[in-house]
Q: 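Mind looking over this structure? Questions follow.
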Amino acid sequence: MTTSGHHHSVGNKIAANESGQAAVEFAMVATLVLMLLLAIIDFGRALNYMQVMDGLTRQGSNLASRGTSLAQSAAAVVAGSAPLNLGNNGKVTVTSVANINNVNTITGQASQGGISCTSKIGQGVGRRATVPSAAATMLQNGQTIFITELCYSCRPITPI
């Protein structure tokens, strides 16, 4: 009694085709999962940087309000900006705004950093200041507030 090798070879061809299909499916799914993972990592970094920037702006205004010069306050924010590296990839602008005769006026301004970024408060001592709405309501005639702005050029680590 002889066995036919014909049925055996057909089974091998089917198994080979299925393993190739599985490899293609795995490559497609693995690529999508890897892209999703890298996007999550970059999004997490961006959220972390926003938290760091929030703290830095708070510290810049805090230093200025305690008598540190605006230039020294901006320099301190740049110096303490790890992991952001504001010296090369960002800019800090510390502005003092006083309400003079019920007009918000820039009374001092200092900037430091490695990129070009325009202040949303305004530019030029003696010019009218555009303060955030929360600050505008509490700034009374004769009072001064310090506003720290931070611009940062975030570069993702993934090409997504």
Q: List the residues meeting side-chain hydrogen bond (donor to acceptor under 3.5 Å, both in side chains) with Ser73, not counting sequence neighbours, and say none if there are none.
A: none
Q: Looking at side-chain heavy atoms only, is the closest gap between Thr93 and Gln109 below 4.5 Å?
A: yes
Q: Any heavy-atom pair between the side chains of Thr130 and Ile121 that's under 4.5 Å?
A: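 Ile121 does not reach Thr130 side chain to side chain.
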Q: Please assess Leu86 against Lys91 for the test side chain to side chain contact (heavy atoms under 4.5 Å, CB included), listing each intermediate value before the final yes or no.
A: CA-CA 6 Å; Leu86 293 176; Lys91 183 176 182 179; over 6 Å; no
Q: Over all heavy atoms of both residues, which pair between Val78 and Gln112 is shortest? Give the atoms and the distance, please.
A: CG2-O, 3.9 Å
Q: Indicate yes or no: at least one non-hydrogen side-chain atom of Leu56 is less than 4.5 angstrom from one of Ser81.
A: yes
Q: Taking only residues at least two apart or on different chains, which pairs with a member in residues 51-80 satisfy salt bridge (Lys or Arg N to Asp or Glu O under 4.0 Å)?
A: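 Found Asp54-Arg58.
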Q: Check Val77 against Gly60 and note the closest heavy-atom contact, atom names and distance.
A: CG2-CA, 3.5 Å
Q: Assess the residue pair Ile157 and Arg45 against the criterion (side chain to side chain contact (heavy atoms under 4.5 Å, CB included)); give the C-alpha distance rounded to whole Å, side-chain angles, the decisive distance to 0.1 Å, and a yes or no.
A: CA-CA 9 Å; Ile157 59 173; Arg45 284 180 64 237; 3.3 Å; yes
Q: Ignoring hydrogens, what is the shortest heavy-atom contact between Val125 and Gly108? Give both atom names and the distance.
A: CG2-CA, 4.0 Å
Q: What distance do Phe26 atom CZ and Thr31 atom OG1 have between them, rounded to the nearest 0.5 Å?
A: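 Going from the CZ atom of Phe26 to the OG1 atom of Thr31 covers 9.0 Å.
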Q: Could you state whether Val94 and Val52 fall into the same hydrophobic cluster, counting links through intermediate Ile, Leu, Val, Met, Phe, Trp or Tyr residues with side-chain heavy atoms under 4.5 angstrom apart?
A: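 Per the 4.5 Å side-chain linkage, Val94 and Val52 are co-clustered.
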Q: Just verifying a value: how many Å separate Thr57 OG1 and Met53 CE, rounded to the nearest 0.5 Å?
A: 9.0 Å
Q: Going only through I, L, V, M, F, W and Y residues with side-chain contacts under 4.5 Å, is there a path from Met50 to Val92?
A: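 Yes, Met50 connects to Val92 through the hydrophobic network.
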Q: Do Ile106 and Ser96 make a side-chain contact, defined as non-hydrogen atoms from C-beta onward lying under 4.5 Å apart?
A: no
Q: Do Asn102 and Asn99 have side chains that approach each other closer than 4.5 Å (heavy atoms only, starting at C-beta)?
A: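 Asn102 reaches Asn99 side chain to side chain.
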Q: Kindly give the heavy-atom pair with the smallest separation between Ala98 and Thr144, and that separation in Å.
A: CB-OG1, 3.6 Å
Q: Is there side-chain contact between Arg127 and Thr105, with heavy atoms separated by less than 4.5 Å?
A: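 No, too far: nothing below the 4.5 Å cut-off.
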Q: How long is the gap from OG on Ser65 to CD1 on Ile147, to the nearest 0.5 Å?
A: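 Here the rounded value is 12.5 Å.
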Q: Output the distance between atom CD (Gln143) and atom CD1 (Ile145), rounded to the nearest 0.5 Å.
A: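 If we round to the nearest 0.5 Å, Gln143:CD and Ile145:CD1 are 9.0 Å apart.
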Q: What verdict does the side chain to side chain contact (heavy atoms under 4.5 Å, CB included) test give for Arg155 and Asn89, after you've listed the backbone C-alpha separation in whole Å, the side-chain angles of each residue and the deciding distance to 0.1 Å?
A: CA-CA 9 Å; Arg155 295 187 175 102; Asn89 300 327; 2.5 Å; yes
Q: Taking side chain as C-beta onward, heavy atoms only, is Thr107 less than 4.5 Å from Ile100?
A: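 Yes - at least one pair of side-chain heavy atoms lies under 4.5 Å apart.
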Q: Counting C-beta onward and ignoring hydrogens, is there a side-chain heavy-atom pair between Tyr152 and Cys117 closer than 4.5 Å?
A: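 No, side chains not in contact.
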Q: Before you tell me yes or no, could you show the steps for Phe146 and Leu63 under side chain to side chain contact (heavy atoms under 4.5 Å, CB included), namely the whole-Å CA-CA distance, both residues' side-chain angles and the distance that decides it to 0.1 Å?
A: CA-CA 9 Å; Phe146 298 93; Leu63 285 169; over 6 Å; no
Q: Rounded to the nearest 0.5 Å, what's the gap from CG on Asp42 to SG on Cys154? Could you check?
A: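 Here the rounded value is 7.5 Å.
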